Student: 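Pasting a structure here, questions to come.
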Amino acid sequence: METIQEIAARVYEFGNNSADGNSTMKNLLGGKGANLAEMSSLGIPVPPGFTITTEVCKEFNELGQEAIIGLITPEVEKAIKNMEGIMGAQYGDTKNPLLISVRSGARVSMPGMMDTVLNLGLNDEAVIGIAEKTGNERFAWDSYRRFIQMYGGVVLGMKPQSKEDIDPFEEIIEHLKEKREIQHDTQFTIQDLKDLVYDFKDVIQKSTGQNFPTDPWEQLWGAIIAVFNSWNGARAIYYRKMHDYPDDWGTAVNVQAMVFGNMGAGCGTGVCFTRDAGNGENRFNGEYLLNAQGEDVVAGVRTPQQITKMGSQRWAQLAKIEESDRAENYISLEELMPDIYKELFKYQNILEQHYKDMQDMEFTIQSGKLWILQTRNGKRTGSAMVKIAIDLLKEGLLDEKQALLRIEPNKLDELLHPVFDPNALKRATIIEQGLPASPGAATGQIVFFADEARKFRNTILTRIETSPEDLEGMNLAKGILTARGGMTSHAAVVARGMGKCCISGAGALKIDYKNRLLTVDGKEYHEGDWISLNGTTGNIIEGKVATIEPELSGEFGEIMKIANKYATMAVRTNADTPKDARAARKFGAKGIGLARTEHMFFEVDRIKAMREMILADTVKGRRHALEDLLPMQRSDFEGIFEAMQGLPVTVRLLDPPLHEFVPHQLATQKELAEDMHISLSAVKNKVAELQEFNPMLGHRGCRLGNTFPEITEMQTRAILEAALNLKAKGIEAKPEIMVPLVSTLNEFIAQEEIIRKTADTVFKEYDDTIPYLVGTMIEVPRAALMADLIAKKADFFSFGTNDLTQLTYGYSRDDAGKFLPIYLEKGILKADPFEKLDQEGVGQLIKMATEKGRKIKPKLKVGICGEHGGEPSSVEFCHNNDMNYVSCSPFRVPIARVAAAHAAIGKG
Ligand code: ADP
Ligand code: MG
Ligand code: MG
């Protein structure tokens, strides 16, 4: 009986140094709930409360509000009773009321994406009870007006939906401030706060037609349902899409006894990190506000102060504040409340050791007592991620595999992006300095509104502060700049999570949304003006600044070394030039999986010869033009082979439809006619002749080589002569010649014959040989179906997943823009199959072709060279499918290497 009840529990309690749940139950209790339970069991002071599970959220979506309330009422009532016992106050009582918060919490943290309401249980009578009980009337009314505002926004739907809407509550506050000629909320008198309460209730009545609910239980159920609903809010949905989180996880709801940081002297609230989330340095840091509640720090309403003395001094230096001024007016928590600081320091240490990861914690100090309200693995930049993983490994908290699993492959991308050129920085005009909230380099044109972040190609979103509504715009912008808010503000936390450059708290900036104007020291910057952000120093720079390739840190190399140790599948690169090849080798590429030869033809001096070849009417004419092309191709290959120093290089024979090479503009057509001594109309006719209805399904791939064998001959010759020339210089080269777009065995055989025959001729001419392979791309579904036949002849398979996806779905990649985004939005497709390999469908073809091929040739070399080769989930699929390698663009190589190691370690 008891076990059944346990399984069916919908409510998990925590508090008083014990808990029903623990940190392993994130899927059920959400991250926040699971960690609150864990902290409580660890003996860390957490206000008591309970968590309603994510399963209930799912039930809510099916059964609706009435049924859910009915289902969970008994458990909720029992849990509230326990909280009342611990806190010595009663929920709904007017003399000694217990106040509570209702907090959202999904299994992963989605900062600010869903809703939280504080101070439930207040009404016109309870507020008086609280005032008397605490002897602090001001605090009581301040809490009450905050409650009505939050509840009105979150539960009663009065939050502004767009930037045109005005927040009715903020409007009332501003109005009162003007009337009273004051600037800050803290200057309100008790009567002002009472007036706010009445005005708030009034505006709620007017706009919803209902009175503000005075019954605490009605308040509680309203807030719980609102949190469940917030899971399906637009912000939360967008955030999930961005991070690839499924829609069916649901959120948990945490109900917790309130503790107050806004009760006057000896009270405050803050956020802290066990390490630096920007660069990973092992340095406890954070921010706090005196006499404030919950969201005040994160929302960037007031710029908070630093927790540690060292942090405070660093901050003062940036803000150009003298030490004496700092120590007096901007004192750190460490100096102001040394005992509380020591206790906080102790907990951050316990929590980091316990979770073996950098923690991001929320705390509140109520009249000299410290409460911890949340802990989670902190969001961090790519470089902090790498440093922290290696440091924790060195500190013995993690082993190599664990450290490697801490690396989110895609986040490495941030480290590989360009940084400002130090020389250009020396000449830069610095407009102002803010807080270096998220490192990186960003150059763009100023926009002032999140929904205009796409107005220019590169934008800097410039705001007084950001809010969760701005998420999409923040993601689209190149960098984020805010006038208010500290290192733990919404802008800072979200930007670090995105790996986006951000400067916050640049207090000297005057931002005028109405006139779209930024003013600093009397100098004006308008929308569309270029500025640059140095997120590492906090410098805001006028105009554009040149960038250079980044220096990779020692920790990066260490992670890569560990990845190599565990990965069993090789990572190659797609590279068409020696420069790309060298870059990829620096990142650890073990060969080239795809060298496209056509790019080589687009260069100015070559395109002419190429066009002559295409326009030639006879084999003789074509051969003549190809003779001009041969030395150019040969030297290209020499460069690439040399760069790869004996690593295998897969060269794909000419693939694209020929009409891509011919001129379509009159002037160029004329020029070509003159060069070739033929008439303009002859050129025009030829261009028209090459026009195809479906070029992607037309005269391309091996169909070119089979209709114009001389092209295959020339390319084979160029490849092998290059290899032989290098051999003569003592440099090894391992060419693998790849025939594209094969769909029948005979197509391949015809090409292979030409290649082998040409090779024999070349070898005879050189009186020397080198080993080479002849294989094929599998990119037409028919080739996958016939893979066993093809494997009899081919030395290797390389899955060209771009075309394979295109042809399996019947989607033209060039036209998919018209429907793919809509399919994704409507959920008809879960992911863009051109980005993420469709393992279910296209994956079946790959699996089958690999199995068929290896049945004939057990050692058949198999790889993938589509853009999927650098996408972690696709890399994992390739590993599980026993591929020899994946190949991706040079800058994705480190990402693929870590993904390959993860797959080998067996991360699901
Ligand atoms: P989010 O997930 O957006 O951070 P939270 O649920 O953590 O939302 O709550 C928002 C703010 O309110 C946080 O600063 C939190 O510390 C504070 N808060 C939540 N519950 C309580 C409580 N019971 N007592 C005091 N402060 C609280
Ligand atoms: Mg919140
Ligand atoms: Mg929080």
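Keep in mind that what you see is a predicted model, and the values were worked out from it rather than measured. Counting starts at 1 for both ligands and their atoms, in listed order.
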Student: Relative to atom 20 (N) of ligand 1, which among S101, A292, A257, A106 owns the nearest non-hydrogen atom?
Tutor: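 Of the listed residues, S101 has the closest heavy atom.
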Student: Is the closest heavy-atom distance from M110 to ligand 1 below 4.0 Å?
Tutor: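 Flag not set, M110 not near ligand 1.
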Student: Between V271, L373, T116, which one has a non-hydrogen atom sitting closest to atom 26 (N) of ligand 1?
Tutor: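 Comparing heavy atoms across V271, L373, T116, the nearest one to atom 26 (N) of ligand 1 lies in L373.
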Student: Hey, would you say the F200 and F212 ring centroids sit under 6.0 Å apart?
Tutor: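 So the answer is no for these two rings.
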Student: Taking the side chain as C-beta and beyond, is there a heavy-atom pair between N262 and R146 under 4.5 Å?
Tutor: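 Yes, side chains in contact.
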Student: Do any pairs count as a side chain to side chain donor-acceptor pair (under 3.5 Å) and have a residue in residues 219-231, sequence neighbours left out, and if so which ones?
Tutor: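 Side chain to side chain donor-acceptor pair (under 3.5 Å) check on residues 219-231 returns no pairs.
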Student: Around the Mg ion (ligand 3), what protein N, O or S atoms are found below 2.8 Å?
Tutor: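 Short answer, with waters excluded from the count: E362 OE2, Q374 OE1.
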Student: Considering only heavy atoms, which of V259, D360, L99 lies nearest to atom 24 (N) of ligand 1?
Tutor: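 Result: the heavy atom closest to atom 24 (N) of ligand 1 is in V259.
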Student: Among residues at least two apart in sequence or on other chains, which ones pass ring-ring contact (aromatic ring centres under 6.0 Å, His included) with Y355?
Tutor: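 ring-ring contact (aromatic ring centres under 6.0 Å, His included) list for Y355, sorted by chain: empty.
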Student: From the options M361, M258, H490, K32, select the one whose nearest heavy atom is closest to atom 1 (P) of ligand 1.
Tutor: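 The residue whose heavy atom sits nearest atom 1 (P) of ligand 1 is K32.
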Student: With sequence neighbours excluded, tell me which residues meet side-chain hydrogen bond (donor to acceptor under 3.5 Å, both in side chains) with K81.
Tutor: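 With neighbours one apart ignored, the set is empty.
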Student: Quick check on contacts: which atoms of ligand 1 are under 4.0 angstrom from a heavy atom of E362?
Tutor: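 What qualifies from ligand 1 is 4 (O), 7 (O), 13 (C), 14 (O), 15 (C), 16 (O).
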Student: Aromatic ring centroids of F345 and F284 under 6.0 Å?
Tutor: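 Between F345 and F284, the centre distance is under 6.0 Å.
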